[in-house]
Amino acid sequence: MGVIGVLTAGGDCPGLNAVIRGVVGRAIEHDIEVVGIENGWEGLMQDRTRPLDRNSVRGILGRGGTILGTSRMDPYVHGDGLATCEPTLKRNGIDTLIVIGGDGTLRSAMRLAQEGVGIIGVPKTIDNDIAGTDITFGFQTAVQIATEAIDRLATTAESHNRVIIVEVMGRTKGWIATHAGIAGGADYVIIPEHPYDIDDVVSTLRKRHRSGHHYSIVVVAEGAQPPPGYDAMDLKKDVFGFDRLGGVAYQIADAIEDLTSFETRVSILGHIQRGGTPAASDRVLATRLGVKAADLAAEGATKVMVAVRGPDIVAVPIEEATSSIRGVPDELYNTAETFFG
Ligand code: F6P
C-alpha cells in the first residue's frame, strides 16, 4: 500500500528510464502505486503527474533521455519550497518521493526531507562526481562515447599530422576525461582538479612528434582552466547562475599551436555524451538503483540515497552526496599520465 512519486531533475543522463522502470517494476511487487512527476521539480510545483504502471515502462530500458522529462526548475529557487510542492504531494497521496538527480537536486530533496517529506535520492550525472557512491549511472556510457570519438579523431589527426584537442564534459572534475584518456590512449589529459603547466603539455607533445609520431590527442575536461595569457571566453549563465561551460579547448589549442606551430584542431563532444542509448553496464546499474529505491520506499526509509559500494547497492545518508564533490584520485590520473606523449 502507499504511493511513490518519482521525478527526474537537472541534466539528463543515459539510464534514467532504466531507473524509472526499476522503481515501477519493484513497487508493483510491493503493491505500491507509482506516480510519475513530469519535467522534474516543475511538475511537482505545477501538479503535472501521470500514473506509471507496468505497461507505461515497457520498451524504455534502452531508450535515452527520460520519459518523464526534466527541467532546471527548483522548488527553493523558483518557488516557496515545501509550500509549493505540498498540494501535488497531497493530491496524489504520495508518501515517498524518489528523486533522481545531481548534487543540486539532491540538496533540494534533502531540504524537503527535513521539512517532513519522505525522500529517497538516486544520484545521477554522467560526470561521476557525486560523493557517497563509487560510480553514477550514465558515466560508463559517456566514457564509451568519448573513447569512440578519440579513436576516430586519432586516425584523422594521424592522416593530417595534427594535434586534436577533444573536449569532454566534466564541470568540476575530470572523470570522463581521465577514463576516456586511458581507454583512448590520449597523449595528454587536462582536468580541473589537477593543475597543469602548458609548457609541460608542449614539451610532451614535441617529444612525441620528434620520435616520429607526428600527431597527438589531448583530452580536456570542459571545466579546466585556460592557459595563462589565453583568456576564457565570456560564458552565458544557466538558470542557477552557473557558467554554461564549453570551449576551453580553443584556448588550449591556441596556446599549443602558438608554442609548437603544430597544426591544431578542436572537437567538442558536448551533449552527444549524454544522449542516446545507455551501455549495458549502465542499464544494469540503473535498474539495480531503481529497484533498491523502491525497496527502501516500501520500508518507509527517508533522507537516504541509493549508492554503489563495491559490489553492493546500499542506502547512505543523503547528506553524503551533498557534502563534497568527488574528484579523480591521483592513482587514476597517474595511470593516464604514464602513457602521455
Ligand atoms: O550533467 C552535468 C553536465 O553534463 C556537465 O558536465 C555540463 O557542464 C552540464 O551538464 C551541461 O548541461 P546543460 O547543457 O544541460 O545545462
Side-chain angles (χ1 to χ4, degrees), residues 1-9 13-37 40 44 49-63 66-68 89 92-103 105-106 108-110 112-114 116-125 130-140 278 280-322:
M1 291 306 133
V3 180
I4 290 174
V6 60
L7 65 82
T8 54
C13 181
L16 283 170
N17 288 325
V19 178
I20 296 167
R21 176 177 170 273
V23 168
V24 173
R26 183 53 66 91
I28 290 167
E29 288 187 353
H30 288 298
D31 204 14
I32 299 175
E33 278 174 42
V34 183
V35 171
I37 296 154
L44 192 65
T49 63
R50 63 175 193 260
L52 291 178
D53 59 13
R54 193 70 188 84
N55 268 336
S56 36
V57 295
R58 284 193 206 282
I60 67 168
L61 178 58
R63 204 190 298 170
T66 160
I67 59 161
L68 291 174
L89 294 169
N92 292 280
I94 293 171
D95 313 290
T96 303
L97 194 58
I98 295 182
V99 178
I100 311 168
D103 58 337
T105 300
L106 294 174
S108 298
M110 183 64 210
L112 283 179
Q114 283 159 348
V117 180
I119 292 281
I120 291 167
V122 180
K124 170 242 50 160
T125 173
I130 298 183
T133 184
D134 293 352
I135 191 167
T136 51
F137 71 88
F139 167 63
Q140 295 172 91
S281 52
D282 276 327
R283 296 182 198 190
V284 174
L285 174 57
T287 301
R288 293 177 74 201
L289 293 168
V291 162
K292 179 72 177 182
D295 282 344
L296 290 167
E299 288 166 19
T302 184
K303 293 188 193 157
V304 292
M305 170 183 93
V306 290
V308 180
R309 291 283 167 89
D312 301 319
I313 306 291
V314 299
V316 300
I318 206 165
E319 292 98 323
E320 285 199 27
T322 56

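With hydrogens and angles disregarded, no donor-acceptor distance shorter than 3.5 Å links the side chain of Thr96 to the backbone of Ile4. Remark: the backbone N or O of Phe137 is not paired with any side-chain donor or acceptor of Asp282 at under 3.5 angstrom. With Arg26 contributing its side chain and Lys292 its backbone, the two residues share no donor-acceptor pair below 3.5 Å. Using a distance-only test at 3.5 Å, with no hydrogens or angles considered, a donor-acceptor pair links the side chain of Asp95 to the main chain of Val3.
Across all their heavy atoms, Cys13 and Gly138 have their closest contact at SG-CA, 3.7 Å. Counting all heavy atoms, side chain and backbone alike, Ala294 lies closest to Ala27 at CB-N, 3.9 Å. Looking at every heavy atom in both residues, Arg288 comes nearest to Pro311 through NH2-O, 3.0 Å. Contact detail for Leu106 and Ala321: the closest heavy-atom pair is CD1-CB, 3.8 Å. Ala9 and Leu7 make their closest contact through CB-CD1, 4.0 Å (heavy atoms, listed as atom of the first residue, atom of the second, distance). Residues Ala307 and Leu289 approach most closely at N-CD2, 4.3 Å, considering heavy atoms.
Annotation: side chain of Asp103 is not in contact with side chain of Pro123 (no heavy-atom distance under 4.5 Å). Residues Thr105 and Thr8 have side chains not in contact (no heavy-atom distance under 4.5 Å, counting atoms from C-beta outward). Side-chain contact between Ile67 and Arg50 is present, with at least one heavy-atom pair separated by less than 4.5 Å. The closest side-chain heavy-atom distance from Asn17 to Thr66 is below 4.5 Å.
A side-chain contact (heavy atoms from CB on, under 4.5 Å) with Ile20 is found for one member of Leu61, Val34, Val122, Leu68 and no other, namely Leu68.
Atom CG in Leu44 sits 5.0 Å away from atom CD1 in Ile37 (nearest 0.5 Å). The distance from atom CD1 of Ile130 to atom OG1 of Thr136, rounded to the nearest 0.5 Å, is 6.0 Å. Once rounded to the nearest 0.5 Å, the distance linking CD1 of Ile94 with CD of Glu33 reads 10.5 Å.
The stretch residues 299-309 participates, sequence neighbours left out, in these side chain to side chain donor-acceptor pair (under 3.5 Å) pairs: Arg309-Glu320. Residue pairs meeting the salt bridge (charged side-chain N to carboxylate O under 4.0 Å, His left out) criterion with at least one member in residues 51-61: none, sequence neighbours excluded.
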Chi angles and distances behind the side-chain contact (heavy atoms from CB on, under 4.5 Å) call for Ile119, Met110: CA-CA 7 Å; Ile119 292 281; Met110 183 64 210; over 6 Å; no

Does the side-chain contact (heavy atoms from CB on, under 4.5 Å) test come out yes or no for Ile318 and Gln114, once each step is laid out? CA-CA 11 Å; Ile318 206 165; Gln114 283 159 348; over 6 Å; no

